[in-house]
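Chain identifiers are assigned alphabetically (A, B, ...) following the order of the sequence lines, protein sequences preceding nucleic acid strands; residue numbering begins at 1 within each chain.
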There are 2 protein chains.
Amino acid sequence: MTETEPIVFIVDDDDSVRKSLTRLITSVGLKVKTFSSANDFLKCDPYDGPACLVLDIRMPGLSGLDLQAELTKAQRTVSIVFISGHGNIPMSVQALKAGAVDFLEKPFDEQALLDAVHLAILKNKSLRQAQTELNQIQKRIESLTPREREVFSLVVTGMLNKQIAFEMGISEKTIKVHRARVMQKMQAESLAALARMAEKADVYP
Amino acid sequence: MTETEPIVFIVDDDDSVRKSLTRLITSVGLKVKTFSSANDFLKCDPYDGPACLVLDIRMPGLSGLDLQAELTKAQRTVSIVFISGHGNIPMSVQALKAGAVDFLEKPFDEQALLDAVHLAILKNKSLRQAQTELNQIQKRIESLTPREREVFSLVVTGMLNKQIAFEMGISEKTIKVHRARVMQKMQAESLAALARMAEKADVYP
DNA sequence: TAGGATATGGGACTTTGGTCTAATAGGGGA
DNA sequence: TCCCCTATTAGACCAAAGTCCCATATCCTA
């Protein structure tokens, strides 16, 4: 597994802002890709790696907040640092409540922006990691047959095969069969590992 | 276990604001307690139940943000809804980054405030619940002897007693003894339950 | 209609975990 | 000095889980 390089996306309709941001961010060795509108960014291929988005609030067409909403809807995980020339409090509140990493006013302190970008990349990395892990677990759960899923959810509560058999009204022998398949399909080498997966996938109420 | 009643604390130096807020919030059946300064609130006994704090930003003495910082430092879990007459973007950003539930500008929409308060109470409830659960688990972990803790962390990775014994260079028999004590002290009725506790307490890297 | 996936079970066997009793040994506090 | 906690181990035994190999009965699809 190669460590993918982080990319900083910049979406701002102002050409000079894009240029100065690019200069600033590339100066610390980060890769940059710029877009002059939210729609351009939405049209581009979702980047499969740690990504940060430096996003202007006020733009013709889709606004920064609109873009944020679209990305959330499309389940594209980018960590956003907002920059605004004429923002207001409700905007900043909405942005942060929707998960933005920071919200800076123009003219911003260069170091503050770089800090925010680095933090966003870090957060994005761990977010992506947690997400892919969860996806894998859920995909495995989907590969279970209905009966296996039933056994799975009872097993991870700590019930004995005997008890599960009674609960489901079938033989303990059959539970063993299902259970073995669950362990195999979930790729769990131990009950402890299975329980951890269940915990992450929120199988418990 | 009796369900403790939620309380809405109001901290604002303006008498008339306190009064109108109290009227509004009690009108939906919530209990209210008011304070005219941040220090007064800090001096009062930490309430052990779901709590929401409606907090003014600008006040003589400690500001709302100062109070938020103090509460965080003191590990007092209250969910905060900020209200501000003369706030600005950096303030709102700081407040939300520090975990505030909402940040409303005066004059605020009454329904918006009530919604925020209700949301804050909900969040506070689940926060408190997760916290007390975590505390219990950590207290139990602390009650383990060093050797037991070692066995604990190896057990929850799914290792067999035999493997743990080899890893620790002692007899499998001893592992069984430690393991039994771990289950007892952690109040886990099954390996699955133990693994879930370990997951919550972040025993894994 | 043949084959695959699913669900169900039995028999026989091994490994693993849990429990009970009992014992030894060192460190530290009353 | 004596007792408690901690750590260590043994033997005996039972319960639980996992693993073979096997068989039957659906249901759905190619």
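- Atom CG in B:L144 sits about 14 Å away from atom C1' in D:dA7, given to the nearest Å.
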Would A:E142 and A:K139 count as a salt bridge (charged side-chain N to carboxylate O under 4.0 Å, His left out) here? Give the steps. CA-CA 5 Å; A:E142 279 165 27; A:K139 208 183 288 174; over 6 Å; no
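- Atom CZ of A:R181 and atom C1' of D:dC20 are 14 Å apart (whole Å).
- Between A:N161 atom CG and C:dG17 atom P the separation is 15 Å, expressed in whole Å.
- When the C1' atom of C:dT16 is taken as reference, atom CZ of A:R179 falls 12 Å away, rounded to whole Å.
- What you find for A:I25 and A:V117 is that their closest heavy atoms are CD1-CG2, 4.5 Å.
- Few gaps surround CD on B:Q138; more than 12 heavy atoms of other groups in view lie less than 6.0 Å from it.
- Relative to the side chain of B:H178, the nucleotides D:dT8, C:dT6, C:dG18 differ in distance, and D:dT8 lies closest.
- Nucleotide D:dA7 holds its P atom 19 Å from the CD atom of B:E172, rounded to whole Å.
- Contacts of B:T174 with the nucleic acid, taken as non-hydrogen atoms under 4.0 Å apart, include base atoms.
- With rounding to whole Å, A:L191 atom CG is found 21 Å from C:dT15 atom P.
- What separates CG of B:L160 from C1' of D:dA17 is a distance of 12 Å, to the nearest Å.
- Under a 4.0 Å N-O distance rule, the pair A:D14/A:K106 does not qualify as a salt bridge.
- Between B:I170 atom CD1 and D:dA10 atom P there is a gap of 11 Å when expressed in whole angstrom units.
- Proximity of B:K162 to the phosphate of C:dT15: no side-chain N or O atom is located under 4.0 Å from OP1 or OP2.
- Of all nucleotides listed (C:dA7, D:dT8, D:dA16), C:dA7 comes nearest to the side chain of A:T145.
- With hydrogens and angles left out, the side chain of A:K173 and the base of D:dT19 share a donor-acceptor pair within 3.5 Å.
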